[in-house]
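Each ligand, and each atom within it, is numbered from 1 in the order the structure gives. Values below: every heavy atom of this structure, side chains too, minus hydrogens, waters and symmetry copies.
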Amino acid sequence: MIQKIGFIGLGKMGLPMAKNLINSGFTVYGSDVNEAAINEFQSYGGKPGYFTDWIHHVQCIILMLPSSKIVNQVIDQIIDHFTSDQHTHQEPLVIIDMSSSYPDETRKNFKKLTEKNIEFIDAPVSGGVKKAVTAQLTIMIGGPVESFTRCKRLLGSMGSNLFHVGPIGSGHLIKAINNYLSATHLLASCEAVQLLHSFDVKPEKAIHVFNHSTGRSGSTEYKFPSFILTDSFDSGFSLELLRKDLEMANGLFLNAEAATNLPQLVFDRFYEASAALDKDADHTEIYQFVSSYLLRGKLNEKDSETISSSSNTSVGI
Ligand code: NAD
């Protein structure tokens, strides 16, 4: 039975998830390159240390890292260490990649790890920091059912909806497409609200009506009232991470030669936003980016009208 867990990546999501494991009675060892995160983890009762310090004490390692590139590096380091010192590891080891990673990379990692007798499943999450804190994440699991069954209790300490969705990589596939849907709703809602605002309909009113109509979505029901209409833009999910997810989702549509432009269009908008906004911008700041392009034509028209009527000279802008 899994009782000791190693957790790598104690960021906005990883920290509350690790805290919930500790609160559920697991012994949790943790690593992060950020010292502040390590200190906070320790204050919750976690045991900090580099993974080589604790790898032989644990039956499971959870990864909650920003990108596939980093996940792959960490997995390679684990394999190197595990192989050089395998005799000290008494119990079977399972690695769970809960990051939003590339499905192709996940399949490659599964192959590498299986060759070393290390079990591997993908278990990305949805619900954001709020549901990570309340242990109500939705977790989408890909990989062997036996490995999932071994991890069910610990996953249940972090999430309230556990879905085994298919073979290895399936969780990451569905997660990328889920975030594409979520970003598409968000972008469409931002454009819709700003268009209505230009006709003097207040954003709060528009959102209220959408939420009682068929135009509602997770964006109108949660993100607008919590982070956009309040001007707080602090959902805890960065624009950069969503851009990564959209690149992944768009790549899936392109590789499948799917006859649609929508994923490319949505990706392009978020790509432009992440180039234009601050490196640490929250993904809900797309609302402000939308205002920089949506009614540019109309605003320019207004500006040139003002200029020509004030100077009697026609100025094209
Ligand atoms: P984050 O940037 O807040 O956390 C990532 C953590 O990993 C950081 O603390 C960083 O220091 C650490 N890290 C980076 N490289 C490392 C390494 N080599 N070794 C150890 N630690 C390392 O990101 P997050 O928002 O917590 O997201 C983590 C993952 O979860 C991402 O894949 C993201 O796409 C996904 N996700 C995020 C949210 C959200 O709302 N924030 C929701 C669902 C899924």
Item to check | side chain to side chain donor-acceptor pair (under 3.5 Å) evaluation trace for Y293 with E191 | outcome: CA-CA 10 Å; Y293 70 81; E191 293 187 349; 2.4 Å; yes
I want to know if ligand 1 touches [X] in the polar sense, i.e. an N/O pair below 3.5 angstrom.
X: L65; value: yes
X: K12; value: yes
X: M13; value: yes
X: V125; value: no
X: S67; value: no
X: S31; value: no

Does a donor on one side chain and an acceptor on the other come within less than 3.5 Å for [X] and [Y]?
X: S157; Y: N20; result: no
X: K175; Y: N179; result: yes
X: N39; Y: E35; result: no
X: S68; Y: E105; result: no

Item to check | Where at least one partner belongs to residues 125-137, residue pairs that pass side-chain hydrogen bond (donor to acceptor under 3.5 Å, both in side chains), sequence neighbours excluded | outcome: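 Found T134-Q136.
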Checklist entry - Taking non-hydrogen atoms only, is K244 closer than 4.0 angstrom to ligand 1 via side chain, backbone, both or neither? => result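 K244 to ligand 1: side-chain contact only, backbone stays beyond 4.0 Å.
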Checklist entry - With a 4.0 Å heavy-atom cut-off (strictly under), which part of K175 contacts ligand 1: side chain, backbone, both or neither? => result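 It is the side chain that gets close, since no backbone atom is under 4.0 Å.
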Next on the checklist: Strictly below 4.0 Å, N to O, side chains only: are E247 and K244 in salt-bridge contact?
Outcome noted: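 Between K244 and E247 there is no salt bridge, as every charged N stays at least 4.0 Å from the carboxylate O atoms.
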Checklist entry - Does the distance from a Lys or Arg side-chain N to an Asp or Glu carboxylate O, for K112 and D76, drop under 4.0 Å? => result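 Judged by the 4.0 Å cut-off on N to carboxylate O distance, K112 and D76 do form a salt bridge.
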Which ligand 1 atoms, with their elements, are less than 4.0 angstrom from a heavy-atom of [X]?
X: G128; result: 40 (O)
X: G9; result: 7 (O)
X: L10; result: 9 (O)
X: S99; result: 32 (O)
X: I8; result: 20 (C)

How close does the nearest protein non-hydrogen atom get to [atom], and which residue and atom is it?
atom: atom 27 (O) of ligand 1; result: L241 CD1, 3.7 Å
atom: atom 19 (N) of ligand 1; result: V33 CG1, 3.8 Å
atom: atom 9 (O) of ligand 1; result: D32 OD2, 2.7 Å

Item to check | Ring geometry between H81 and H56 (parallel below 30°, tilted from 30 to 60°, perpendicular above 60°) | outcome: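 Aromatic pair H56/H81 classed tilted.
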Checklist entry - Parallel, tilted or perpendicular: which fits the ring planes of W54 and F51, with parallel below 30° and perpendicular above 60°? => result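 Plane angle over 60°, so perpendicular.
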Checklist entry - Are any non-hydrogen protein atoms located under 4.0 Å from atom 2 (O) of ligand 1? => result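 Protein heavy atoms within 4.0 Å of atom 2 (O) of ligand 1 - there are none.
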